[in-house]
Amino acid sequence: MLSRRHFLLGALALGLSAGCRGGRDRILNFYNWSNYIALNTIGDFEKESGIRVNYEEFSSADVSFAKLKIGVTGYDLIVAPGYMVRRMMRHDLLYPLGPELSLPEFLPHIEAPPFDPEQKYSAPYLWGTTGIGYNARKIRNAPASWSLLWEQSLAKRITILDEKRDAIGVALFKLGLDPNSVDPGELQLAKKELLKQRPLVRRYTSDFTDDLIRGETWAALGWSGDVAQAQDSNPDIRYILPEEGSFLFVDSLVVPRSAPHPEAALEFINYFFRPEVCRDITNATGYANPVAASKPLVRPELIDNNLGYPPDEVLSNLHYQEDVGEYESVWDDLWAEVKR
Ligand code: N2P
């Protein structure tokens, strides 16, 4: 017969093996960019921690922020670009990560990111650059310039990231203007450029790699790691960081104040910082990770390569995307008018 004591012990054993602590299910609701993790990361973490992960992906930061803004809650852990971390900090939306986190040594340029210099509210996840992925068999002598994405001969062979900060930022770079401009006149000029570009654009999309791999598109405004993934499937694909300057991004892990399971989020962040865990993610995605001890472990082709870990002289020509504050809606409207 099952005594009460046996029942409790049985429940406890069951609970432990199913990953419960204190009788409650341990859960992590994780919202990440698409193609931004290794195949084994979530499963390995679940096995080791006993936490069940509900994993959801977005393909554009604008979409993720819109979702958070209309009050979709329940996420414990979100990957966000630096300017968005800043914006969330400004609105007091983030949980301070505090002493539960043991920060490893980071690469020098990740130590004090401008959006959160003391790293109080964000933990760096992956970093990379915005550039042009192109097919060297279709385009010979590609210029190291953003003007490639305005080339008439590439009509309908181009995709542009569906991300206003990148698309408008690139138009500003091309014009020699501040890529974080909030000047209405400058933004109008950027809009004109983008309207000139529009007839050449096959699609505005952030999932640009398949078309590029298949040769349906010949050039794409894209992100380094995704282009690295594309190059693995099609060696004709190359990457340009234009001379006019480009973006460096440090996408970061943040925990919303409203998170139902902040402790599970912190556990994942500490797990991610293990050199082998983030190495696997870098090797799978092509995106560099912030952990200094992980760099010697990643695939050597990614080192001193603009697609993975660019050399220092390249990094010095890159800019961060900054929070544009109250001008966010001006950027939003401009982008909606371009895509209309
Ligand atoms: C992954 C997206 C990369 C992020 N597909 C660019 N910030």
Side-chain angles (χ1 to χ4, degrees), residues 30-39 41-42 55-68 77-88 109-110 113-116 122-133 159-170 173 179-180 203-213 217 220-233 237 239-241 245-254 272 278 280-290 302 306-310 315 318-324 331 335:
F30 184 10
Y31 197 28
N32 191 7
W33 231 305
S34 51
N35 296 321
Y36 221 29
I37 200 152
L39 279 178
T41 314
I42 296 294
Y55 185 71
E56 203 184 311
E57 290 184 336
F58 55 85
S59 55
S60 127
D62 289 335
V63 169
S64 88
F65 193 81
K67 210 165 163 187
L68 300 175
L77 188 63
I78 299 171
V79 171
Y83 67 89
M84 207 176 272
V85 171
R86 184 81 190 175
R87 192 168 171 207
M88 290 170 164
H109 68 284
I110 312 280
F115 49 89
D116 182 14
S122 63
Y125 183 60
L126 298 177
W127 60 275
T129 60
T130 304
I132 302 172
T159 55
I160 296 293
L161 290 170
D162 188 5
E163 200 71 71
K164 68 175 186 293
R165 297 305 308 261
D166 289 299
I168 301 173
V170 160
F173 274 125
N180 293 298
R203 268 188 324 138
Y204 293 98
T205 178
S206 300
D207 297 316
F208 61 90
T209 50
D210 287 351
D211 290 358
L212 199 56
I213 291 167
T217 49
L221 175 61
W223 295 306
S224 49
D226 283 77
V227 176
Q229 292 173 43
Q231 195 178 58
D232 286 339
S233 309
I237 291 170
Y239 189 57
I240 297 172
L241 281 173
S246 189
F247 292 121
L248 168 73
F249 55 79
V250 179
D251 294 327
S252 297
L253 294 160
V254 295
F272 167 73
C278 52
D280 286 355
I281 300 181
T282 291
N283 284 348
T285 62
Y287 288 98
N289 73 68
L302 294 174
N306 287 353
L307 285 174
Y309 293 72
L315 286 179
L318 298 172
H319 302 245
Y320 277 98
Q321 291 171 341
E322 292 160 14
D323 176 21
V324 289
W331 280 65
W335 187 227

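Numbers here are sequence positions counted from 1. Hydrogens, waters and symmetry mates play no part in the numbers below; they use all other heavy atoms, side chains included. Whatever order the structure lists them in is the order used to number ligands and atoms, beginning at 1.
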Practice problem: For the residue pair Trp335 and Tyr204, categorise the inter-ring angle as parallel (less than 30°), tilted (30 to 60°) or perpendicular (more than 60°). | Solution: perpendicular
Looking at side-chain heavy atoms only, is the closest gap between [X] and [Y] below 4.5 Å?
{"X": "Trp33", "Y": "Asn35", "answer": "no"}
{"X": "Thr130", "Y": "Glu163", "answer": "no"}
{"X": "Tyr309", "Y": "Trp127", "answer": "yes"}

Quiz item: So which residues, sorted by chain and number, lie with a heavy atom under 4.0 Å of ligand 1?
Solution: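 For ligand 1, the residues that come within the 4.0 Å heavy-atom cutoff are Trp33, Ser34, Tyr36, Trp223, Asp226, Phe249, Asp251, Tyr287.
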Self-check item: Residues forming a salt bridge (charged side-chain N to carboxylate O under 4.0 Å, His left out) with Asp162, sequence neighbours excluded
Solution: Lys339
Quiz item: Is the backbone N or O of Phe115 less than 3.5 Å from a side-chain atom of Tyr320, with the two atoms forming a donor-acceptor pair by type?
Solution: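 A pair under 3.5 Å: no.
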